S.K.: 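Quick one: structure below, then a few questions.
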Amino acid sequence: PTSKVTTTVWEKVDHEPSLNMVELEQLFGVPSGPNQSEKGGDIKPNLRKPAVITLLDMKRSNNISIALAMIRMSNQEIMEAIHNGNASTLTVDQLKALEKAAPSHEEEELVKTFEGDQATLGRAEQFILETLHVSCFKSRIE
């Protein structure tokens, strides 16, 4: 470089310093192995979220999930309240949200024909599966 620093610690050293590379590797080295990515970062095994399968259109799936989040009940609790006709469990607003989230015939068929693990389905698809167990779901929420 054109601009050289004149007063450094290294000017006072008479000999080249010796470094114990083995000790440096042990203290500061990153172990190599199968759990490293291409960029050199660690990949934590088995900490990834399991893949969620969505069968519905993403917009429709999100709308159903938002409606269910507003209700703040599990799918099973919602279905029990509708099946039993318990009017005190669900409010009018919650019933309106369920009416908008009610699956169409095509959506029901799409979820019925799914042959994989049902636990991997998204919340909206699991909700539709639960509605299949309630007879006359749409007429009950109206």
Side-chain angles (χ1 to χ4, degrees), residues 1-13 16-142:
T2 57
S3 60
K4 186 175 180 182
V5 180
T6 57
T7 56
T8 66
V9 175
W10 297 108
E11 289 180 351
K12 298 176 185 173
V13 176
E16 189 172 321
S18 63
L19 298 173
N20 185 347
M21 296 306 285
V22 175
E23 185 179 6
L24 281 175
E25 282 289 325
Q26 288 174 348
L27 293 173
F28 301 106
V30 177
S32 62
N35 290 338
Q36 284 194 341
S37 69
E38 293 174 7
K39 295 182 180 179
D42 287 340
I43 297 175
K44 296 177 180 160
N46 300 327
L47 294 181
R48 294 183 181 177
K49 288 184 178 180
V52 175
I53 298 173
T54 55
L55 303 174
L56 305 174
D57 175 51
M58 188 58 70
K59 184 176 179 182
R60 176 71 172 140
S61 179
N62 285 340
N63 286 342
I64 293 173
S65 296
I66 290 169
L68 294 173
M70 288 178 16
I71 295 172
R72 296 184 181 179
M73 295 172 71
S74 71
N75 289 343
Q76 290 79 18
E77 291 171 332
I78 293 170
M79 296 309 141
E80 286 176 16
I82 292 170
H83 188 266
N84 297 335
N86 191 348
S88 64
T89 306
L90 296 169
T91 65
V92 174
D93 290 334
Q94 289 173 329
L95 288 171
K96 286 180 182 178
L98 282 173
E99 191 174 356
K100 290 179 183 176
S104 67
H105 180 69
E106 293 82 20
E107 291 170 337
E108 289 176 349
E109 288 301 317
L110 182 67
V111 174
K112 269 186 200 177
T113 58
F114 178 70
E115 295 179 358
D117 183 14
Q118 293 179 351
T120 61
L121 290 174
R123 177 139 193 231
E125 288 80 2
Q126 289 181 358
F127 171 74
I128 293 173
L129 277 174
E130 291 292 327
T131 63
L132 297 174
H133 301 295
V134 177
S135 62
C136 304
F137 176 78
K138 290 180 186 176
S139 62
R140 287 179 187 250
I141 58 174
E142 294 173 352

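This is a predicted model, so every value here is computed, not measured.
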S.K.: Measuring only between side-chain heavy atoms, which start at C-beta, is Glu80 closer than 4.5 Å to Thr89?
M.R.: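 No, side chains not in contact.
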S.K.: Distance check, rounded to the nearest 0.5 Å: Gln118 atom CD versus Glu130 atom CD?
M.R.: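 The distance works out to 9.0 Å.
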S.K.: Identify, with sequence neighbours excluded, every residue that meets side-chain hydrogen bond (donor to acceptor under 3.5 Å, both in side chains) alongside Arg123.
M.R.: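 Checked Arg123 against side-chain hydrogen bond (donor to acceptor under 3.5 Å, both in side chains); zero matches.
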S.K.: With a 4.5 Å heavy-atom cut-off, do Ile128 and Leu110 have their side chains touching?
M.R.: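 No; the side chains remain at least 4.5 Å from each other.
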S.K.: Please report the closest heavy-atom contact between Val52 and Gly122, naming both atoms and the distance.
M.R.: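 Smallest interatomic distance, heavy atoms only, reads CG1-CA, 3.4 Å.
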S.K.: Could you tell me whether the side chain of Phe114 reaches within less than 4.5 Å of the side chain of Leu129, counting heavy atoms only?
M.R.: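 Side-chain contact under 4.5 Å: no.
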S.K.: When rounded to the nearest 0.5 angstrom, what distance separates CD1 in Ile66 from CD1 in Ile71?
M.R.: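 If we round to the nearest 0.5 Å, Ile66:CD1 and Ile71:CD1 are 12.5 Å apart.
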S.K.: Name all pairs fulfilling the salt bridge (charged side-chain N to carboxylate O under 4.0 Å, His left out) condition that reach into residues 50-74, sequence neighbours left out, sorted by first residue then second.
M.R.: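 Passing the test, one end in residues 50-74: Arg60-Glu107.
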S.K.: According to salt bridge (charged side-chain N to carboxylate O under 4.0 Å, His left out), does anything in residues 88-102 pair up with another residue at least two apart or in another chain? List the pairs.
M.R.: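 Pairs touching residues 88-102 that pass the test: none.
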S.K.: Quick check: closest heavy atoms across Asn75 and Gln126, and the distance to 0.1 Å?
M.R.: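 What the structure gives for the nearest pair is ND2-C, 3.7 Å.
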S.K.: Can you confirm whether more than 12 heavy atoms, excluding those of His133, are under 6.0 Å from its NE2 atom?
M.R.: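 Yes, enclosed.
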S.K.: Any non-hydrogen side-chain atom of Ile82 less than 4.5 Å from a side-chain atom of Leu98?
M.R.: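 Result yes, sub-4.5 Å side-chain heavy-atom pair found.
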